[in-house]
Amino acid sequence: MITQRRVQFEDSYDLKRTIESGQAFHWFPSGESSWETAWRGFYVEVKQVSSSEIVFETNSTETDALSQVADYFQCHIDVSSVLHTFPKDSLTEKALDRCLGLRLLRQDPWLCLASFILSSTKQITQIKEIVRLMSFQLGASISCPDINRIVYTFPEPQDIVRAGESAVRKCKAGFRAKYIYRCAQEIESGRFDLEAVRLLSLDEARESLTSLPGVGPKIADCVLLFAYGFSRAFPIDVWVQRVLQDYYLGGKKVSHREMRQFVDGYFGNNAGFAQQYLFDYIRSLSKTDWAALVASSPFGK
DNA sequence: GGGATGCCTGGATG
DNA sequence: ACATCCAGGCATC
């Protein structure tokens, strides 16, 4: 049996931008503007109905399944009140304008952690491919005969421990396989508790996550932001680093520490949300537009 | 403690 | 065709 829920928003909700722009890698196109996945052991499909309306459906018989999905999509968030806290520089404002409807998801820690370990020096399409292969080969199948669909859950830590590092490597994970496998061991054995991270402060949580093999500051902040909901977490990848250095900090080479300091002082309580807009926007720019943007920076040297 | 280098691999660039 | 570079990092020295 399939149940569904339709949600309408005050502001726009751009599913494509939200699902496909690099925060989640386990959604698969199932139609013109719809995606499907296996999530928490059940089938979920989500569709864009209008710019401010989405519908999701599931085969789960749990009474709160749809509420869980709504939480995953962070349907309760009042975006305009978040945007209000952003700094008012012209770059941030342009990013907001161009990436209208982009939202943050609230993902499950393990899949999020594994995805970002896999993301290391990989492009989004490649990350998705590894996640797809791992799900197909090492995960469980969820069939949904009512609508003739089948999807695969991302393997749990115990599945990966059982399958071994080489099985992960066969999914094109490369050197990341070792990290995935070791993290799976830590979690499966109980030596590392992903749920306990929820109780920590941002700094404690960051320190805790970076103790895992293959997890440095960038990956930790992705997980802190996209899974645990630390709104001040601010992943600094090569793109965001370019923005900080070339646009906000006068074009000179700056240390990671200096960038952190600037971010903490400048972007405020929803820094992570702002980061997502900046990331999405600058990634879409051509070299020419990027150069023009940097040249137009009002920030001094 | 900042700065290079290797790590897997596929796709882009020359 | 073929070499080389680079991609949404981390660990190591």
Side-chain angles (χ1 to χ4, degrees), chain A residues 16-27 95 99 102 104-105 107 111-134 137-138 160 163-186 192 206-227 233-247 249 252-263 267 271-288 290:
Chain A
K16 184 178 176 61
R17 219 178 254 290
T18 302
I19 287 180
E20 294 196 333
S21 67
Q23 51 176 320
F25 306 92
H26 197 242
W27 287 94
C99 305
L102 174 61
L104 288 182
L105 301 170
Q107 305 176 49
L111 175 52
C112 189
L113 173 68
S115 299
F116 282 100
I117 289 173
L118 294 170
S119 77
S120 172
T121 57
K122 281 286 181 195
Q123 294 170 346
I124 291 174
T125 52
Q126 298 174 308
I127 304 163
K128 284 182 184 163
E129 173 65 0
I130 302 171
V131 169
R132 190 187 68 79
L133 285 170
M134 285 182 66
Q137 293 181 19
L138 310 174
I160 288 172
E165 181 185 326
S166 64
V168 180
R169 202 165 271 264
K170 282 180 188 140
C171 300
K172 304 184 180 176
F175 64 85
R176 304 155 197 84
K178 184 172 62 189
Y179 298 142
I180 292 285
Y181 179 71
R182 289 190 186 164
C183 284
Q185 281 182 319
E186 291 297 303
F192 192 95
R206 192 180 275 138
E207 193 182 338
S208 174
L209 285 175
T210 51
S211 75
L212 286 167
V215 181
K218 192 274 177 179
I219 292 173
D221 269 39
C222 287
V223 180
L224 291 171
L225 181 63
F226 301 134
F234 192 98
I236 301 178
D237 58 37
V238 292
W239 293 92
V240 173
Q241 183 174 337
R242 268 173 229 160
V243 166
L244 292 173
Q245 229 166 254
D246 298 341
Y247 186 85
L249 297 171
K252 58 185 181 293
K253 206 184 275 184
V254 292
S255 66
H256 196 81
R257 182 184 171 74
E258 283 177 88
M259 285 190 280
R260 272 285 159 211
Q261 262 173 1
F262 173 77
V263 165
F267 286 104
F273 222 117
Q275 179 272 354
Q276 200 61 16
Y277 281 95
L278 289 175
F279 173 72
D280 204 40
Y281 176 56
I282 56 180
R283 232 166 37 97
S284 73
L285 294 178
S286 66
K287 280 188 176 175
T288 324
W290 168 251

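In what follows, chains carry the letters A, B, and so on, assigned in the order in which the sequence lines appear, proteins first and then strands, with residues in each chain numbered from 1.
Taking the side chain of A/Thr121 as heavy atoms from C-beta on, and the options C/dG9, B/dT9, C/dG8, the nearest nucleotide is C/dG9. Which of B/dC8, B/dG11, C/dA11 sits closest to the side chain of A/Tyr179 comes down to C/dA11. Side-chain atoms of A/Lys218 lie closest to C/dG8 of the nucleotides B/dC8, C/dG8, C/dA7. Of the candidates B/dG10, C/dG8, B/dC8, the closest approach to any side-chain atom of A/Phe175 belongs to B/dC8. Taking the side chain of A/Ser120 as heavy atoms from C-beta on, and the options C/dG9, B/dG10, C/dG8, the nearest nucleotide is C/dG9.
No donor-acceptor pair closer than 3.5 Å links the side chain of A/Tyr281 to the backbone N or O of A/Cys99. A side-chain donor-acceptor contact under 3.5 Å links A/Gln275 to the backbone of A/Pro235. The backbone N or O of A/Thr18 lies less than 3.5 Å from a partner atom in the side chain of A/Gln23, making a donor-acceptor pair.
A/Phe25 places its CZ atom 16 Å from the P atom of C/dA7, with the value rounded to the nearest Å. A straight line from CD of A/Gln126 to P of C/dA7 spans 12 Å, rounded to a whole angstrom. Atom-to-atom, CG of A/Asp221 to C1' of C/dG8 comes out at 13 Å; the value is rounded to the nearest Å. Between the CE atom of A/Met259 and the P atom of C/dG8 there is a distance of 17 Å, given to the nearest Å. Look at NZ on A/Lys172: it is 6 Å from P on B/dG10, rounded to the nearest Å. For A/Met134 and B/dT9, the CE to P distance is 15 Å, given to the nearest whole Å. As a whole-Å value, the separation of A/Arg260 CZ from B/dG1 P is 16 Å. If you measure from atom CZ of A/Phe116 to atom P of C/dG9, you get 11 Å, rounded to the nearest angstrom.
Applying the 3.5 Å distance criterion, the base of B/dC8 shares no donor-acceptor pair with the side chain of A/Arg169.
By the 30° and 60° cut-offs, the orientation of the rings of A/Tyr179 relative to A/Phe175 is perpendicular. Using cut-offs of 30° and 60° for the angle between ring planes, the A/Phe116 and A/Phe25 rings count as perpendicular.
Mapping A/Gln123 and A/Ala220 onto DNA chain C via the closest heavy atom, the residue that lands nearer the 5' end is A/Gln123.
Counted within 6.0 Å of CD on A/Glu207, heavy atoms from surrounding residues, nucleotides or ligands total 12 or fewer; the atom is thus considered open.
Straight-line distance between the P atoms of B/dC8 and C/dC2: roughly 26 Å, to the nearest whole Å. Going from the P atom of C/dA11 to that of B/dG10 covers 24 Å, rounded to whole Å. Rounded to the nearest Å, the gap between the C1' atom of C/dC5 and that of B/dT5 is 16 Å. B/dG11 and C/dC10 have their P atoms separated by 24 Å, with the value rounded to a whole Å. When the P atom is compared between B/dG3 and C/dG8, the two are found 22 Å apart, to the nearest whole Å.
For DNA chain B, the stems formed by at least three consecutive Watson-Crick or G-U pairs, with both atom-pair distances below 3.5 Å, span B:3-7 with C:9-13, B:9-14 with C:2-7.
If you check every strand for non-hydrogen atoms under 4.0 Å, A/Ser115 touches nothing. Within the 4.0 angstrom heavy-atom criterion, only backbone atoms of the sugar-phosphate kind lie near A/Pro217; the bases stay farther away. A/Gly22 comes within contact range of at least one nucleobase, with a heavy-atom separation under 4.0 Å. Within 4.0 Å of A/Ile117, counting heavy atoms only, lies no atom of the nucleic acid at all. At the heavy-atom level, A/Val240 lies nowhere under 4.0 Å from the strands shown. A/Leu118 comes within 4.0 angstrom of no nucleic acid atom, judged by non-hydrogen atoms across all strands.
The shortest side-chain heavy-atom distance between A/Glu258 and A/Leu249 does not fall under the 4.5 Å cut-off.
By the 4.0 Å N-to-carboxylate-O rule, A/Arg260 lies close enough to A/Asp221 to be salt-bridged with it.
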Given A/Asp237 and A/Phe279, is the side chain to side chain contact (heavy atoms under 4.5 Å, CB included) satisfied, shown in steps? CA-CA 9 Å; A/Asp237 58 37; A/Phe279 173 72; 3.3 Å; yes

